[in-house]
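Values below: every heavy atom of this structure, side chains too, minus hydrogens, waters and symmetry copies.
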Amino acid sequence: MLQSKTFKQKVLEVVSKIPKGKALSYKEVAKRAGSPKAFRAVGNILNKNYDSKIPCHRVIRSDGKAGGYNRGIKAKIKKLKEEKVL
DNA sequence: CGTATGACGTGCA
DNA sequence: GTGCACGCCATAC
């Protein structure tokens with residue numbers, strides 16, 4: 001089954017694979033997940049499946065803005081600054 | 001199965 | 001340059 005992992009699982013895995021000090025945009029993550037146009041679902045999935053192992057704070061918009069964060073958008077920006085990603 | 005929602009992106013006024 | 005509206009994909013209910 002090619003779809004043993006749903007888009008959701010792929011996105012979570014890709015995000016969890018983001019190296020430290022690096023940030024990928026929703027579009028990039030969606031592309032790596034298998035659907036470059038599903039950046040919409042990426043945000044939706046992360047929002048419902050945020051895990052401590054998933055540096056969702058490293059996923060930002062193409063505008064260079066953070067976008068949102070289940071723990072507080074401010075915390076996300078702060079973390080990005082701490083990682084020198086921003 | 002169909003509907004509603006969402007942490008986006010792009011285009012146009 | 002800013003603001004508004006539409007469209008897109010996947011998930012959850």
Open item on the list: Tell me whether A:I54 shares a hydrophobic cluster with A:I18, the cluster being built from Ile, Leu, Val, Met, Phe, Trp, Tyr side chains joined at under 4.5 Å.
Closed with: yes
Open item on the list: Can you identify which nucleotide, out of C:dC9, B:dG9, C:dT11, has its nearest atom closest to the A:A38 side chain?
Closed with: C:dC9
Open item on the list: Distance criterion of 3.5 Å, no angle test: do you see the side chain of A:R40 paired donor-to-acceptor with the base of B:dG9?
Closed with: no
TODO: Rounded to the nearest angstrom, tell me the gap between atom CD1 in A:I18 and atom C1' in B:dA7.
DONE: 13 Å
TODO: May I have the distance from A:R61 (atom CZ) to B:dA7 (atom P), rounded to whole angstrom?
DONE: 11 Å
TODO: Check the distance between B:dT5's P and A:I45's CD1 and give it to me in whole angstrom.
DONE: 18 Å
TODO: For C:dA10, take OP1 and OP2 only and decide whether either is under 4.0 Å from a side-chain N or O of A:S35.
DONE: yes
TODO: Side chain of A:A41 only, please: which of B:dA7, B:dG6, C:dA12 is the nearest?
DONE: B:dG6
Open item on the list: Closer than 4.0 angstrom, basic N to acidic O: yes or no for A:E13 and A:K17?
Closed with: yes
- [ ] Round to the nearest Å and state the distance from A:D63 atom CG to B:dC8 atom C1'.
- [x] 9 Å
Open item on the list: Distance check needed: B:dC8 C1' versus A:K76 NZ, whole Å only.
Closed with: 11 Å
- [ ] Grab the CZ-P distance between A:F39 and B:dT5 for me, whole Å please.
- [x] 20 Å
Task: Sugar-phosphate, base or nothing in reach of A:S25, heavy atoms under 4.0 Å - done: nothing
- [ ] Specify the separation, in whole Å, of atom CD of A:Q9 and atom C1' of C:dA10.
- [x] 13 Å
- [ ] Using only side-chain N and O atoms of A:K37, determine if any of them is under 4.0 Å from OP1 or OP2 of C:dA10.
- [x] no
- [ ] Following the transitive rule for hydrophobic clusters with a side-chain heavy-atom cut-off under 4.5 Å over Ile, Leu, Val, Met, Phe, Trp and Tyr, establish whether A:Y69 and A:L24 coincide in one cluster.
- [x] no
Open item on the list: Just the rounded figure in Å: distance from C1' of C:dC13 to CG of A:N44.
Closed with: 13 Å
Task: Donor-acceptor contact present, side-chain A:K76 to main-chain A:A66, <3.5 Å - done: yes
Open item on the list: Is it the case that the base of B:dA7 and the side chain of A:Y26 share a donor-acceptor contact (distance under 3.5 Å, atom types as modelled)?
Closed with: yes
- [ ] Output yes when A:D51 and A:K53 qualify as a salt bridge under the 4.0 Å nitrogen-oxygen rule, no when they do not.
- [x] no
